[in-house]
Asker: 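What follows is a single structure, and I will ask about it in a moment.
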Number of protein chains: 4
Amino acid sequence: MARGVNKVILIGNVGGDPETRYLPNGNAVTNITLATTDSWKDKQTGQPQERTEWHRVVFFGKLAEIAGQYLNKGSQVYVEGRLQTRKWQGQDGQDRYTTEIVVDQGGVMQMLGGRGNNEGGQRAPRDNGGYQQQAPQQQQQRPQQAPQQSAPQPQADYDSFDDDIPF
Amino acid sequence: MARGVNKVILIGNVGGDPETRYLPNGNAVTNITLATTDSWKDKQTGQPQERTEWHRVVFFGKLAEIAGQYLNKGSQVYVEGRLQTRKWQGQDGQDRYTTEIVVDQGGVMQMLGGRGNNEGGQRAPRDNGGYQQQAPQQQQQRPQQAPQQSAPQPQADYDSFDDDIPF
Amino acid sequence: MARGVNKVILIGNVGGDPETRYLPNGNAVTNITLATTDSWKDKQTGQPQERTEWHRVVFFGKLAEIAGQYLNKGSQVYVEGRLQTRKWQGQDGQDRYTTEIVVDQGGVMQMLGGRGNNEGGQRAPRDNGGYQQQAPQQQQQRPQQAPQQSAPQPQADYDSFDDDIPF
Amino acid sequence: MARGVNKVILIGNVGGDPETRYLPNGNAVTNITLATTDSWKDKQTGQPQERTEWHRVVFFGKLAEIAGQYLNKGSQVYVEGRLQTRKWQGQDGQDRYTTEIVVDQGGVMQMLGGRGNNEGGQRAPRDNGGYQQQAPQQQQQRPQQAPQQSAPQPQADYDSFDDDIPF
DNA sequence: TTTT
DNA sequence: TTTT
């Protein structure tokens, strides 16, 4: 049920350990940044060139839990999701926009590279400062409203991944 | 020649007539916005829901010329490109970031819907205020440097499509 | 839940009216052929060239019903599915293999071109020779076993679309 | 320049060492088989299920050389190409059809898994029975015609990868 | 700002 | 067998 197609396919390396938090309804949300690198030769000089693009990827639901458990900084991963731009308020009160790749029920996450990609499988749980993983309300820095939203269309009703990263 | 995959596939409707301009080297750059709409039923209430996502698409080179000539407001189009985030300066001097779908030599543009999608084919050339299309330097509002960039990786060394649109 | 990615994305024109039948469990299966055409210029002579590829697409479940109702000969359609090769017996007793694009729950079908693509919407139901659509057992030319298969992996436990078409 | 989209995206493991041969014009052609595996839980019984699909992938040109040099049995690889069905004669004189994923200039091949995926890089050249790699005419078991074909549309004017594999 |  |  849709008019149009909105699909993103990425293979890249995870920029840092995943950040998982939980919505009031208990659903997990995991954020990562993903680097894809293109390399080519300059047509004029023949010099090798390289450009790395950083992508914000946000997982919802079951994939958020898997991503939070099994991805590490450096993991190579295949991700299939959709583009979504959300609006937020800068400290100066001005509107900012952030474009993310949303990976939920209709999306795909595949860890690549087989054995060794994640040092034998599940990452040791990180220190989370004593907060309970299953009762994560205290992790939320800003008030959360009950989601008015049904599953297939999470409208970014979650805390921003990292307000310091400007895009 | 690349590490990673960075691919976007969109089918949507063009939000306005395309904007074409020309780089100092004569290469065309065309900007459009593209709407993709998802619809679904709310799991709780069963109510039909809808969400439209707007994408900034920028074409380079030959596809920029074709897009500029044949796309109209409302055209349905298939686009295959890659994600790229570019940095720009807000009027307050602060950094802003805009994520675009870049469609160049390695990308694809396909007009959909056959006859009738563009009212019989090529759009009448818009009034461009008397500027020459092939000598477009005067259209540039800001100084342009010579591109240090070879073809496959345009690094957004072009004027912003529309500074008023905040993302 | 998968190791690997198996994805096909097609935009093409439907070669004939869809063929819908029903499995013993009542699930619909719809077959179409889909033409995709590439055109290019011969590098030597500069002559325009063209090649049409025909694809066998098989829809399952809800999408099978929609495809059967709304697609026509000539319709332009976007299809996202996976490759699957099934084995069958030629009249000479030898094994033959047919590769199809399977579009089921995890797949996508999008009609393109808006109004007019299907002459105003739903096609008139074709004459089916007096068989009941919901009790289609008599349409099956060969004995059917109960499907041992759960939804996401239909293993071609359906009658062949058209034994005369050799691939 | 095309009407339609014909795209296949696969991530899988290579089933055997690649087979490279050379066309009369010196261009390389490399064949591999690629396994993609889906796993899911049976809806009725809850039992884990698994299905492996084997794909025939044929690389042309530069990617054929890279694939021939760097892929091994077991390598995990990302492949982007297009579907093509070619006709051939069975020993009984009957027409057979084989569907392949063609990866040429417009396609993509990416080795996955970083270091270790191919045991340190380039595979040792296999024994080729004393034939010269760059003068491969004697490797051809059947007469070859000069290709009447320009680059973007190789029409399978090469020897069959393996006549014993029936699809 | 598009489309159904 | 489709479409432009």
Side-chain angles (χ1 to χ4, degrees), chain A residues 1-6 85 97, chain B residues 10-19 31-40 48-57 66-67 70-79 109-122 161-162 164-167, chain C residues 10-19 31-40 48-57 66-67 70-79 109-122 161-162 164-167, chain D residues 1-6 85 97:
Chain A
M1 262 185 280
R3 277 164 291 130
V5 169
N6 175 356
T85 297
Y97 293 81
Chain B
L10 301 176
I11 294 178
N13 295 284
V14 179
D17 282 340
E19 307 271 344
N31 288 274
I32 62 168
T33 55
L34 197 62
T36 59
T37 303
D38 273 295
S39 39
W40 70 101
Q49 306 287 318
E50 195 169 281
R51 178 185 163 92
T52 293
E53 195 69 32
W54 285 96
H55 310 273
R56 288 175 160 265
V57 180
I66 298 172
Y70 293 101
L71 293 181
N72 292 305
K73 180 175 181 169
S75 297
Q76 192 182 34
V77 70
Y78 169 92
V79 147
M109 189 208 69
Q110 289 272 304
M111 297 196 50
L112 301 176
R115 65 286 81 102
N117 188 22
N118 294 287
E119 287 130 39
Q122 186 162 356
F161 173 31
D162 185 354
D164 307 328
I165 299 186
F167 71 92
Chain C
L10 301 176
I11 294 178
N13 294 284
V14 179
D17 282 341
E19 308 270 345
N31 288 273
I32 62 167
T33 54
L34 197 62
T36 59
T37 302
D38 272 295
S39 37
W40 71 101
Q49 308 285 317
E50 194 170 281
R51 178 186 163 92
T52 293
E53 195 67 34
W54 284 97
H55 310 273
R56 287 175 161 264
V57 179
I66 297 170
Y70 293 100
L71 294 180
N72 292 306
K73 180 174 180 171
S75 297
Q76 192 183 35
V77 69
Y78 170 91
V79 147
M109 190 207 69
Q110 288 273 304
M111 298 197 50
L112 301 175
R115 61 300 65 115
N117 187 22
N118 294 287
E119 285 129 40
Q122 185 162 355
F161 172 31
D162 184 354
D164 307 328
I165 300 186
F167 70 92
Chain D
M1 259 184 283
R3 276 163 291 130
V5 169
N6 175 356
T85 298
Y97 293 81

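Below, chains carry the letters A, B, ... as their sequence lines are ordered, and counting in each starts from 1. As the structure is a prediction and not an experimental result, all values here were calculated from the model.
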Asker: Of all the nucleotides listed (E/dT1, E/dT3, F/dT2), which has the minimum atom distance to the side chain of B/T33?
Answerer: E/dT1

Asker: Stacking between C/W54 and the base of F/dT2 (centre distance under 5.5 Å, interplanar angle under 30°)?
Answerer: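 It does not: the two rings, one from C/W54 and one from F/dT2, miss the stacking criterion.
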
Asker: Without decimals, in angstroms, what is the distance between B/R51 CZ and E/dT3 P?
Answerer: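 Checked: the CZ to P distance equals 20 Å.
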
Asker: Reckon B/T52 touches a base, only the sugar-phosphate, or nothing at all at heavy-atom distances under 4.0 Å?
Answerer: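 Base contact - B/T52 has a heavy atom under 4.0 Å of at least one base atom.
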
Asker: Could you give the CG-to-C1' distance, from C/D17 to F/dT2, as a whole number of Å?
Answerer: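 These atoms are roughly 12 Å apart.
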
Asker: Rounded to whole Å, please give me the gap between CD in B/E19 and P in E/dT1.
Answerer: 15 Å

Asker: Look at the side chain of C/T37 and decide which nucleotide, out of E/dT2, F/dT3, E/dT4, has an atom nearest to it.
Answerer: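 Ranking E/dT2, F/dT3, E/dT4 by closest atom to the C/T37 side chain puts F/dT3 first.
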
Asker: What nucleotide, of F/dT2, E/dT1, F/dT3, holds the atom closest to the side chain of C/K73?
Answerer: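 It is F/dT2.
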
Asker: Using whole Å, report how far OH of B/Y78 lies from P of F/dT4.
Answerer: 20 Å

Asker: B/I66 CD1 to F/dT4 P: how many Å, rounded?
Answerer: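 B/I66 atom CD1 is separated from F/dT4 atom P by 18 Å.
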
Asker: Once side-chain contact (heavy atoms from CB on, under 4.5 Å) is applied, do any residues pair with A/N6, and if so which ones, sequence neighbours excluded?
Answerer: A/R82, A/L83, B/L10, B/T36, B/E53, B/H55

Asker: Which whole-number value in Å describes the distance from A/Y97 OH to E/dT1 P?
Answerer: 13 Å

Asker: Could you measure the distance from the CZ atom of B/R56 to the CG atom of B/L34? Nearest 0.5 Å is fine.
Answerer: 13.0 Å

Asker: Check step by step if side-chain contact (heavy atoms from CB on, under 4.5 Å) holds for B/M109 and B/V57.
Answerer: CA-CA 11 Å; B/M109 189 208 69; B/V57 180; over 6 Å; no

Asker: Given atom NE2 of B/H55 and atom C1' of E/dT2, what is their separation to the nearest angstrom?
Answerer: 11 Å

Asker: Could you measure the distance from the CD atom of C/Q76 to the CD atom of B/Q76? Nearest 0.5 Å is fine.
Answerer: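 Output value for this atom pair is 7.5 Å.
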
Asker: Starting at CZ of B/R56 and ending at C1' of E/dT1, how long is that distance when rounded to a whole Å?
Answerer: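 Computing the B/R56:CZ to E/dT1:C1' distance gives 12 Å.
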
